[in-house]
2 protein chains.
Amino acid sequence: MSTTVAKALSLLDHFSEAEPEIGLSELARRSGVDKATVHRMLGVMCDAGLLEKRGDARLYRLGAGVLRLARVREAAFPVSALVQQSLAELAARLGETAHASLISGRGLATIGICESNRGSRVSLVAGEILMLHCTASGLAVLAYSRPERVDRVLAEPLVARTTRTITNPGVLRARLEEIRLSGFAEADQTAEDDVYGIAVPLFDSDGEATGAIAIATPAHRMTNDLRQEIITALIAEAERVTVSSGGRVPATFRAAAARFVQV
Amino acid sequence: MSTTVAKALSLLDHFSEAEPEIGLSELARRSGVDKATVHRMLGVMCDAGLLEKRGDARLYRLGAGVLRLARVREAAFPVSALVQQSLAELAARLGETAHASLISGRGLATIGICESNRGSRVSLVAGEILMLHCTASGLAVLAYSRPERVDRVLAEPLVARTTRTITNPGVLRARLEEIRLSGFAEADQTAEDDVYGIAVPLFDSDGEATGAIAIATPAHRMTNDLRQEIITALIAEAERVTVSSGGRVPATFRAAAARFVQV
DNA sequence: AACCACTGGTGATTATAATGAACCAAATAT
DNA sequence: ATATTTGGTTCATTATAATCACCAGTGGTT
């Protein structure tokens, strides 16, 4: 079922901020692919510039090609740069960690993080992939996605990341309906213990959700006042990002947001 | 001979600043791969997040996954950010377009550009891939590369990009020896007509060349004074970037640079 | 309206490329 | 000094991907 190209590309997912360089055997072990196969794939990806191996050491790491591709994308469709500005403002204003993510494959790719400067704060790993069904950002995106995407996510088993994760498809659908009406999504320790996330979707030129910006706070610190403040700020910044990146805020969201501000 | 993974990845190279979105048929035509094959590969790469297709339109473009990968790499081995600073300084000081590139596969990936604000200036496309044998940056890198890389480049036919491009392997080898002794590379319209490039290599922790920073000026504007000024500035900035990115300037280069400054 | 030249997308057959166990030399670990 | 693990390679077997013809939709011309 799995194509070789998919297998090769999945190798890239094993590189993270925590483990930026990996050896051949190690990668073969983690991916469950034969060593010979991994070796050949790594070679090809080195040729393509997606990977490179450090001169003397025989470790592989992400190559300069990924920087180039990112530049090409940003030159044509700038979002990363735009978003970074909003994140900085949000983090400064609210004193909590702000982050942004975009749909990438079947998950959300974190493309920007701005940590608060408080002692106690939520710390996120750059380049992490968020799941759609349990994170605030994921829920915000799903609530404003085409039914096909929702169906695709609900078709697969909903992994329980914490004891509070919603694993029942029916319950999740109801949850998405609520979110659609309110304009923002909350995840009170459904993705990670002690983390309370609030997210608002970003839209493309077709008015479809493409990602989200979010605030993550230590769960115990969340109060009603802070919650209100966060949501108001997120809605404003999300609209700014959406509009300045050429997106269109759909009427359904605008109505929901207006309803919130009224209250 | 060509693996399917390589073919799939080569599709990514067709996306550029000039043409950021491509349709299925168009991509099949340009790559010379069958439409059905391309379709399957694009699907796989969309799943991986490297590509995405714009909602209603049926065009493909680079996906958010590349932004994520770039972030992961930058988090672990920051160069792009570092280099950008140097480029800005160079462009401001010299009033000419500065750019940086890193080895990526069998070429140089442009990872940073800072154009001068003059009316007449050299304009570069973001994310372009430079050839090693005819650009100033490429020559600078080759001159300080392991013999294997040089041999690999010289093994393939040296494409003539202009009438002045060096196409003879022997001549090129001699040229590289000169560059190794001087510490900088020049490309007087050997890559593009009317463009005069000067480049200095960047090094990794093993003292091997990993890329270059360069200045590109309109050929007619180059004078001996400007040339001296550019080289001095480049050598200083290249060392700064190399050192602050954890690299080590090899003794051979340091000697060459010192020899130049003496003169 | 009928036609044309496109587009994105799809399946079944055939040819091709991927696979994985065994194997090596060199580097580490014991 | 011995055993284990590393990156890397080989080659017969097998599973995979390429191919061609085809379908349906679209936009433009006559």
Side-chain angles (χ1 to χ4, degrees), chain A residues 1-15 19-48 50-63 105 146 148-149 151-152 204-206 208, chain B residues 1-15 19-48 50-63 105-106 146-149 151-152 204-206 208:
Chain A
M1 258 302 286
S2 67
T3 75
T4 59
V5 183
K7 242 188 274 187
L9 294 181
S10 76
L11 293 179
L12 295 176
D13 290 340
H14 294 89
F15 295 88
E19 197 164 10
E21 293 183 302
I22 315 186
L24 172 59
S25 297
E26 175 69 14
L27 196 49
R29 204 176 307 123
R30 293 164 78 102
S31 61
V33 184
D34 189 272
K35 209 170 44 170
T37 304
V38 171
H39 178 252
R40 192 161 25 82
M41 287 173 170
L42 289 180
V44 172
M45 297 178 95
C46 280
D47 268 2
L50 284 176
L51 291 177
E52 63 191 22
K53 67 176 151 190
R54 274 245 318 249
D56 67 335
R58 36 215 170 304
L59 293 174
Y60 295 83
R61 68 176 183 193
L62 291 172
R146 292 231 192 80
E148 301 98 66
R149 173 168 290 129
D151 294 341
R152 189 152 35 100
D204 66 10
S205 56
D206 304 319
E208 223 206 325
Chain B
M1 260 298 283
S2 66
T3 75
T4 58
V5 183
K7 242 188 274 186
L9 293 180
S10 76
L11 294 179
L12 294 176
D13 290 339
H14 294 88
F15 295 88
E19 197 165 13
E21 293 184 301
I22 315 184
L24 172 59
S25 297
E26 175 69 14
L27 196 50
R29 204 177 306 122
R30 292 166 80 103
S31 62
V33 184
D34 189 273
K35 209 169 43 169
T37 303
V38 172
H39 179 252
R40 192 161 29 78
M41 287 173 168
L42 291 181
V44 172
M45 297 178 95
C46 281
D47 267 4
L50 283 174
L51 293 176
E52 62 190 23
K53 69 175 149 189
R54 274 248 315 252
D56 69 335
R58 38 219 168 303
L59 293 174
Y60 295 83
R61 68 176 182 192
L62 292 171
R106 47 185 124 273
R146 291 231 192 80
E148 301 99 64
R149 173 169 290 128
D151 294 341
R152 189 149 36 99
D204 65 10
S205 55
D206 304 319
E208 222 206 327

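Note on naming: letters A, B, ... go to the chains in the order of the sequence lines (proteins, then strands), and numbering restarts at 1 for each one.
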Legend entry - Min side-chain heavy-atom separation B:L9-A:L9 under 4.5 Å: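 A side-chain contact exists here, since the closest heavy-atom pair is under 4.5 Å.
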
Inset, instruction - Give the stems involving DNA chain C, where a stem is 3 or more consecutive Watson-Crick or G-U wobble pairs (i with j, i+1 with j-1, and so on) under 3.5 Å. - result: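 Result, WC/G-U stems under 3.5 Å: C:1-30 with D:1-30.
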
Legend entry - Between CE on residue A:M45 and NZ on residue A:K53, distance to nearest 0.5 Å: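 So the CE of A:M45 and the NZ of A:K53 are separated by 14.5 Å.
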
Legend entry - For A:R58, salt bridge (Lys or Arg N to Asp or Glu O under 4.0 Å) partners two or more places apart: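 Scan of A:R58 (salt bridge (Lys or Arg N to Asp or Glu O under 4.0 Å), adjacent residues dropped) gives none.
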
Inset, instruction - Could you pull out all residues at least two apart from A:D204 that satisfy salt bridge (Lys or Arg N to Asp or Glu O under 4.0 Å)? - result: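 For A:D204, no residue satisfies salt bridge (Lys or Arg N to Asp or Glu O under 4.0 Å) once neighbours in sequence are set aside.
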
Inset, instruction - Determine the minimum heavy-atom distance between A:E52 and A:G63, stating which atoms define it. - result: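 Nearest heavy atoms, A:E52 then A:G63: OE1-CA, 3.6 Å.
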
Inset, instruction - Please collect all side chain to side chain donor-acceptor pair (under 3.5 Å) contacts where either partner lies in residues 28-46 of chain A, sequence neighbours excluded, each pair once. - result: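 Every side chain to side chain donor-acceptor pair (under 3.5 Å) pair that includes a residue of residues 28-46 of chain A, provided the two are not neighbours, is A:E19-A:R30, A:E26-A:R29, A:E26-A:R30.
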
Nearest whole angstrom, please: distance from the [atom2] of [N] to the [atom1] of [X].
| X | N | atom1 | atom2 | result |
| --- | --- | --- | --- | --- |
| A:R40 | C:dG20 | CZ | P | 10 Å |
| A:L42 | C:dA18 | CG | P | 14 Å |
| A:K7 | D:dA17 | NZ | C1' | 13 Å |

Legend entry - Residue list, side chain to side chain donor-acceptor pair (under 3.5 Å) with A:D151, at least two apart or on another chain: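 A:D151 satisfies side chain to side chain donor-acceptor pair (under 3.5 Å) with A:R173 once adjacent residues are dropped.
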
Legend entry - OP1 or OP2 of D:dT16 under 4.0 Å from side-chain N/O of B:T4: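 False: B:T4 side-chain N/O out of range (4.0 Å or more) of D:dT16 OP1/OP2.
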
Could you run down the sub-3.5 Å N/O contacts of the protein with nucleotides 5-11 of chain C?
| from | atom 1 | to | atom 2 | distance (Å) |
| --- | --- | --- | --- | --- |
| C:dT7 | OP1 | B:R29 | NH2 | 2.5 |
| C:dG8 | OP1 | B:L24 | N | 2.7 |
| C:dG8 | OP2 | B:S25 | N | 2.4 |
| C:dG8 | OP2 | B:S25 | OG | 2.4 |
| C:dG9 | OP1 | B:K53 | NZ | 3.1 |
| C:dG9 | OP2 | B:Y60 | OH | 2.9 |
| C:dG9 | O6 | B:K35 | NZ | 3.1 |
| C:dT10 | OP2 | B:H39 | NE2 | 3.4 |

Inset, instruction - Begin from the C-alpha positions of A:F15 and A:L51 and carry the test side-chain contact (heavy atoms from CB on, under 4.5 Å) through to its verdict. - result: CA-CA 10 Å; A:F15 295 88; A:L51 291 177; 3.9 Å; yes

